[in-house]
Amino acid sequence: MHDISDTETTWFDVIAVSEVRGMRPVRVEVAGTPMVLVSHEGEVRAFAATCPHKGAPLDKGIVCEGRIVCPWHKAEFSARDGRLLEPLALDPLPRYPARVRQGRVEVAPHVEPSPSSPRVAEDRSVIIVGAGAGGTATAVFLREAGFAGRITLIGQEDCAPYDRTALSKNVLAGKAEGNAPPPLRPENFYETHDVACRVGRVVALDPQTRTLGLADGESLLADHVVLAPGSTPRMLDVPGHDLKGVFTLRTSRDAQAILSSGQARRDWHVVICGGSFIAMEAAAALRQHGADVTIVADPAIPFENVLGVEIGGRLRALHEANGVVYRGGRRVAKIVGGDHVSDVILDNGESLAADTVVAGIGVRPATDFLPRSLLAGDGGVDVDGRMRVLPGIHVVGDAARFVHEGRRMRIEHWRTAQVQGRVAARAIVGMEDEFAEIPWFWTQQFGKKLEYAGYQGEFDHVEIEGDLEHFDFTATLSNQGRPVGVVTGGRPDVTARMVARPPTG
């Protein structure tokens, strides 16, 4: 508890201590400041009422294993001092002085200083290749861990790092301010924290000398290199794939081009090729934006191999109830038009009118610049538990092939990339953290949110408890009686309990 005298601050009596218990933070307001109270190790702690990531109400989250878990995106904070323990947030949770007097909780409405790490490695340098989720998180967590040397963040886009998940969820739906995704960090973050941001394309790496070659001919050398290159969308391999009006969705510029392709059209016909999460989210968003949308996908039931037939069928029904046409079991044979797409021809000869075509048929790691000696067959790179490939070289995000239960795997999730970035950053300053996250991701389609926790292993049975029709359910995926993943609709506490684990560090 905080040892602060009455002469130093003003205390407010807010609640009986007996009301602060269990797994749910308790929301209170103190002198106009909203807070949440939690019980931890026999004491009451006070924190800001909302998550610093997207403003989620933390009283809707849980306290588990000494952690406060955000209900929306599963950021985890220490219930003792508000330290950030796991992303998606990239900032600690503000905390307030709290004490107990005569069975009552008293709180002071001024923010306490966040704990800080001692400065280390002032004479060292880190170059981060990739300014997406993993790369930006690495830079943030290097400074959090006390790294005081030079940090250079290299990205290919001429804008500040942004939230890529918003492209298929909000931007294409016309719900983002200025039709732009939100930045990952405040505008002044990089200058304030002395992170040099560069626009450039890395075309080569000498792993022995940790020398990077850029497309403009410049060479850069660092004590540590963190590779967070992300992925490249797979292109349609059919005649007409290069016509104007045919897009993939990976960057903010892609999203702007897709939206622009329909702005001048009274009736906007969009064909989505593929049944990936990006494809289905884009279909929902563009339909909400007013387009006539048809999905063409191999599986008759979307996500059958990830979520199971029942949940996949419910998502298909959700799309169809909102006016999306789902052409399952079909493939695109060719795309036709003059210099601009006009129609999509399916493998059964059916013709679909199309002003815009969006391919969502998967991605591959953007690792073409790496030497073959580092690459596995899928384009990924094998790493150890600290995300290390070789001394001084780490890989995080989509390209990282880590070991889980004896086999190598990659996880192409936003949160996983950020967690791995934190592990790599802490490894660089000598901390012994290892990647041990329970992977979690979410999808938002027509206002319905599904969450998945697990390693996406093969499954032979799906047990659903609750109301699938109204998206209030828990589904356990198992293989030969062993659980391999959990899918929830409208039950964030379930996945929160799965991803929370005892604090370390």
Taking the side chain as C-beta and beyond, is there a heavy-atom pair between [X] and [Y] under 4.5 Å?
{"X": "Phe147", "Y": "Ser117", "result": "no"}
{"X": "Trp440", "Y": "Glu451", "result": "yes"}
{"X": "Val129", "Y": "Phe369", "result": "yes"}
{"X": "Trp72", "Y": "His53", "result": "no"}
{"X": "Val486", "Y": "Met498", "result": "yes"}
{"X": "Glu86", "Y": "Arg415", "result": "yes"}
{"X": "Leu375", "Y": "Val381", "result": "yes"}

Give the minimum heavy-atom separation between [X] and [Y], together with the two atoms involved.
{"X": "Gln444", "Y": "Lys169", "result": "N-CE, 4.0 Å"}
{"X": "Ile62", "Y": "Arg497", "result": "CD1-CG, 3.4 Å"}
{"X": "Leu58", "Y": "Ala48", "result": "CD1-O, 3.7 Å"}
{"X": "Asp223", "Y": "Arg210", "result": "O-NE, 2.9 Å"}

Working to the nearest 0.5 Å, report the span between [atom1] of [X] and [atom2] of [Y].
{"X": "Asn305", "Y": "Gln456", "atom1": "CG", "atom2": "CD", "answer": "8.5 Å"}
{"X": "Thr495", "Y": "Ile438", "atom1": "OG1", "atom2": "CD1", "answer": "12.0 Å"}
{"X": "Phe141", "Y": "Met431", "atom1": "CZ", "atom2": "CE", "answer": "12.0 Å"}
{"X": "Asp206", "Y": "Leu212", "atom1": "CG", "atom2": "CG", "answer": "9.5 Å"}

Between Glu437 and Arg422, is the closest basic N to carboxylate O distance under 4.0 Å?
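No, no charged N to carboxylate O under 4.0 Å.
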Tell me whether Asp254 is salt-bridged to Arg250, with the criterion being a basic N under 4.0 Å from an acidic carboxylate O.
no
Listing request: all side-chain hydrogen bond (donor to acceptor under 3.5 Å, both in side chains) pairs with a residue in residues 180-192, at least two apart in sequence or in separate chains.
Asp91-Arg185
Between Tyr455 and Glu405, a side-chain donor and acceptor under 3.5 Å:
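No, Glu405 and Tyr455 have no side-chain donor paired with an acceptor closer than 3.5 Å.
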Using the ring centroid of each side chain, check whether His73 and Trp442 are separated by less than 6.0 Å.
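Yes, close enough.
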Please check if the side chain of Thr416 supplies one atom and the backbone of Pro439 the other of a donor-acceptor pair under 3.5 Å.
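Answer holds: no.
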